[in-house]
Student: 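Structure incoming, see below.
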Amino acid sequence: MFDREKIKKGVELILEGIGEDKNREGLIETPDRIARMYEEIFAGLYENAEEPLSKTFTSDNHEMVIEKDIVFYSTCEHHFMPFFGKAHVAYIPDGKVVGLSKLARTVEVFAKRPQIQEQLTEQIADALMEYLKPQGAIVMIEAEHMCMTMRGIKKTGSKTVTFSMKGVFEENEALVNRFLALVKNN
């Protein structure tokens, strides 16, 4: 689990390392605030997608179910800077469906971990396949990375787009095109 004291000591070292006075009025509580924030933004490290995806309902529906524009915030493991955007998640049921909020919850479970966008996309699709056992799943994530906009190349507004396709989506280009059209349709 989380070790607040280690995080606080780490933040104090960073403050000292950049030449700040960790005892300055505005910074005195910063290590504790950051430790509490890390508990929240990295909560997915101690959560499993099985929980939100375990409550299913029997359904004869075999048409694509899409939850689009799921806003998420995550942290890039390379620079420990935020990346954020929208996830678009779809699956084709094979006898059971899940509550729509559970798709957004699944995105949250994986987004609240330090990682890369490519991995996040794959984890969501894999979880859908593992726990829902659908005919197929597809996930598309569009995100802006602060490590590209705030530092380095400084290209504000640029977006990284990643896909993961499983099951029938891997074999059926028409399904993929239908998903893309529905996601882009406002």
Student: Between Arg113 (side chain) and Gly44 (backbone), is there a donor-acceptor pair under 3.5 Å?
Tutor: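 Flag set: sc Arg113 to bb Gly44 pair under 3.5 Å.
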Student: Is Arg105 paired with Glu47 through a side-chain N to carboxylate O contact shorter than 4.0 Å?
Tutor: yes
Student: Is Asp94 salt-bridged to Lys133, cutoff N-O under 4.0 Å?
Tutor: no
Student: Do side-chain atoms of His88 reach the backbone of Val183 as a donor and acceptor pair under 3.5 angstrom?
Tutor: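 Not at all, since once roles are kept as given, no pair shorter than 3.5 Å links the two residues.
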Student: Between Tyr91 and Phe72, is there shared hydrophobic-cluster membership here, with clusters defined by ILVMFWY side-chain heavy atoms closer than 4.5 Å?
Tutor: yes
Student: Report yes if the distance between the aromatic ring centroids of Phe2 and Tyr46 is under 6.0 Å, otherwise no.
Tutor: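 When the ring centroids of Phe2 and Tyr46 are compared, they turn out to be within the sub-6.0 Å range.
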Student: Looking only at atom types and distance, does a side-chain atom of Arg151 sit under 3.5 Å from a main-chain N or O of Cys147, one as donor and one as acceptor?
Tutor: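 Yes; judged by distance alone, with no hydrogens or angles, the pair exists.
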Student: Are the charged groups of Arg178 and Glu63 less than 4.0 angstrom apart, N to O?
Tutor: yes
Student: Do side-chain atoms of Gln115 reach the backbone of Leu120 as a donor and acceptor pair under 3.5 angstrom?
Tutor: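 Side chain of Gln115 to backbone of Leu120: a pair is present.
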Student: Any sub-3.5 Å donor-acceptor pair from Ser74's side-chain atoms to Ala111's backbone N or O?
Tutor: yes
Student: Run the numbers on Phe42 and Phe80 for ring pair (Phe, Tyr, Trp, His ring centres under 6.0 Å), then give the verdict.
Tutor: CA-CA 11 Å; Phe42 296 128; Phe80 247 56; 5.4 Å; yes
Student: Same cluster or not: Ile116 versus Phe163, using hydrophobic residues (I, L, V, M, F, W, Y) connected whenever any side-chain heavy atoms lie under 4.5 Å apart?
Tutor: no
Student: Do side-chain atoms of Lys68 reach the backbone of Ala87 as a donor and acceptor pair under 3.5 angstrom?
Tutor: no
Student: Is the closest basic N to carboxylate O distance between Glu12 and Lys8 below 4.0 Å?
Tutor: no
Student: Is any side-chain heavy atom of Lys166 closer than 4.5 Å to one of Asp126?
Tutor: yes
Student: Determine yes or no for a side-chain-to-main-chain donor-acceptor pair under 3.5 angstrom, with Glu144 supplying the side chain and Phe84 the backbone.
Tutor: no
Student: Which atom pair, heavy atoms only, marks the closest approach of Thr149 to Thr156?
Tutor: CG2-CA, 3.6 Å
Student: Just by distance, do the side chain of Glu170 and the backbone of Gly167 share a donor-acceptor pair under 3.5 Å?
Tutor: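 Yes, the answer is positive, given that a donor and an acceptor are paired below the 3.5 Å cut-off.
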Student: I need the minimum non-hydrogen distance between Phe83 and Ala143, along with the two atoms involved.
Tutor: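 In this case the closest contact between Phe83 and Ala143 is CD1-CB, 4.0 Å.
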Student: Considering only NZ, NE, NH1 and NH2 on the basic side and carboxylate oxygens on the acidic side, decide whether Lys159 and Glu142 come within less than 4.0 Å.
Tutor: no
Student: So which heavy atom on Phe57 is nearest to which on Gly99, and how close?
Tutor: CE1-N, 4.0 Å
Student: Within a strict 4.5 Å, meaning less than it, do heavy atoms of the Met37 and Glu40 side chains meet?
Tutor: no
Student: Given 3.5 Å as the limit, does a donor-acceptor pair link the side chain of Lys96 with the main chain of Pro93, or not?
Tutor: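 It does not hold such a pair.
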Student: Considering only heavy atoms from C-beta outward, does the side chain of Thr160 approach that of Ile141 to under 4.5 Å?
Tutor: no
